[in-house]
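I have placed the structure first, in the form of structure tokens, so that the comments after it can refer back to it.
All of these numbers come straight from a predicted model, not from anything done at the bench. Numbers here are sequence positions counted from 1.
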Amino acid sequence: MGIAVLCANAVVAAWGAVAWLRGEPSVWFWYLLRVAQVVVVVQVAVGLWLLISGNRPEDELHYLYGVSILAVTMVSEGMRIGAAQRELDEVEDLDALDHAEQAALARRVVMREMGVMTIGTLLIVTLALRAGASAGGFGI
């Protein structure tokens, strides 16, 4: 199951990085991100179940990496909201903006949010690799 966290977040990180570098917002990024987040939550739940049922990883650090993945997922969401708010704070009067300016602002907000979440998924990929290694590998 750990390989699912790694793969799901790697796909999201790659998709987000390409979209961000191109400066093109991507609706599919958000769908893929939510799937990856669900995979993280399921993995943590499975890990807790394994822990309760007496299974132990080879390295106790595995627990830290597993919990860190969930923490990064939640912190990234908080940072995403903050990033959007910072972009909006730069505008004095939203109602005074014409349609083109509102569209440009919305684009900047989405791109900033995508950047934050892409960095979060890159960190999750790194933690998932380390978690898998600390548990004895992914079996590949």
**Ile3 reachable from Leu129 in the ILVMFWY side-chain graph, under 4.5 Å edges** = yes
**Request:** Decide yes or no for Asn9 and Val40: does some side-chain heavy atom of the first lie under 4.5 Å from some side-chain heavy atom of the second?
**Result:** yes
**Request:** May I ask whether Val109 and Leu97 are part of the same hydrophobic cluster, defined by side-chain heavy atoms of I, L, V, M, F, W, Y residues being less than 4.5 angstrom apart, directly or through others?
**Result:** yes
**Met79 atom CE, over 12 foreign heavy atoms within 6.0 Å** = no
**Request:** Evaluate the side-chain proximity of Leu105 to Leu88: yes if any heavy-atom separation is below 4.5 Å, no if none is.
**Result:** yes
**Message:** Taking Leu127 as the starting point, is it possible to reach Leu61 by hopping between hydrophobic residues whose side chains are less than 4.5 Å apart?
**Reply:** yes
**Request:** Kindly determine whether Thr73 and Val41 satisfy side-chain contact (heavy atoms from CB on, under 4.5 Å), including the steps that lead there.
**Result:** CA-CA 9 Å; Thr73 299; Val41 170; 6.0 Å; no
**Message:** Please tell me whether Trp28 and Val39 are part of a single hydrophobic cluster in this structure, the criterion being side-chain heavy atoms less than 4.5 Å apart.
**Reply:** no
**Arg112 side-chain N/O to Gln85 backbone N/O, donor-acceptor pair under 3.5 Å** = no
**Fill in**
In short, Glu24 meets Arg107 closest at the heavy-atom pair CA-NH2, 4.0 Å
**Asked** Are the charged groups of Glu101 and Arg108 less than 4.0 angstrom apart, N to O?
**Response** no
**Prompt:** If every non-hydrogen atom of Ser76 is compared with every non-hydrogen atom of Val116, which pair is closest and at what distance?
**Reply:** O-CG1, 3.8 Å
**Fill in**
OG1 of Thr118 to CG of Leu123, rounded to nearest 0.5 Å, is 12.5 Å
**Prompt:** Which heavy atom in Gln43 sits nearest to a heavy atom in Gly2, and how many Å separate them?
**Reply:** OE1-N, 3.1 Å
**Asked** Taking all non-hydrogen atoms of both residues, which atom of Ala10 and which atom of Val125 are closest, and how far apart?
**Response** N-CG2, 3.4 Å
**Prompt:** Would you say Arg130 and Thr126 make side-chain contact, with heavy atoms under 4.5 Å?
**Reply:** no
**Item:** From Met74 atom CE to Gln37 atom CD, the distance as rounded to the nearest 0.5 Å
**Value:** 11.0 Å
**Fill in**
Separation between OG1 (Thr121) and CH2 (Trp15), nearest 0.5 Å, reads 13.5 Å
**Heavy-atom side-chain contact between Val110 and Phe29 under 4.5 Å** = no
**Asked** Are Ile69 and Val44 side-chain neighbours, meaning at least one heavy-atom pair lies under 4.5 Å?
**Response** no
**Asked** With the 4.5 Å side-chain cut-off for hydrophobic clustering, are Leu21 and Leu32 part of the same group?
**Response** yes
**Request:** Rounded to the nearest 0.5 Å, what's the gap from CG on Leu122 to CE on Met117? Could you check?
**Result:** 11.5 Å
**Fill in**
Nearest heavy-atom contact between Met114 and Ala19 is CE-CB, 3.4 Å
**Gap between atom CG of Leu70 and atom CD1 of Ile124 - 0.5 Å precision** = 9.0 Å
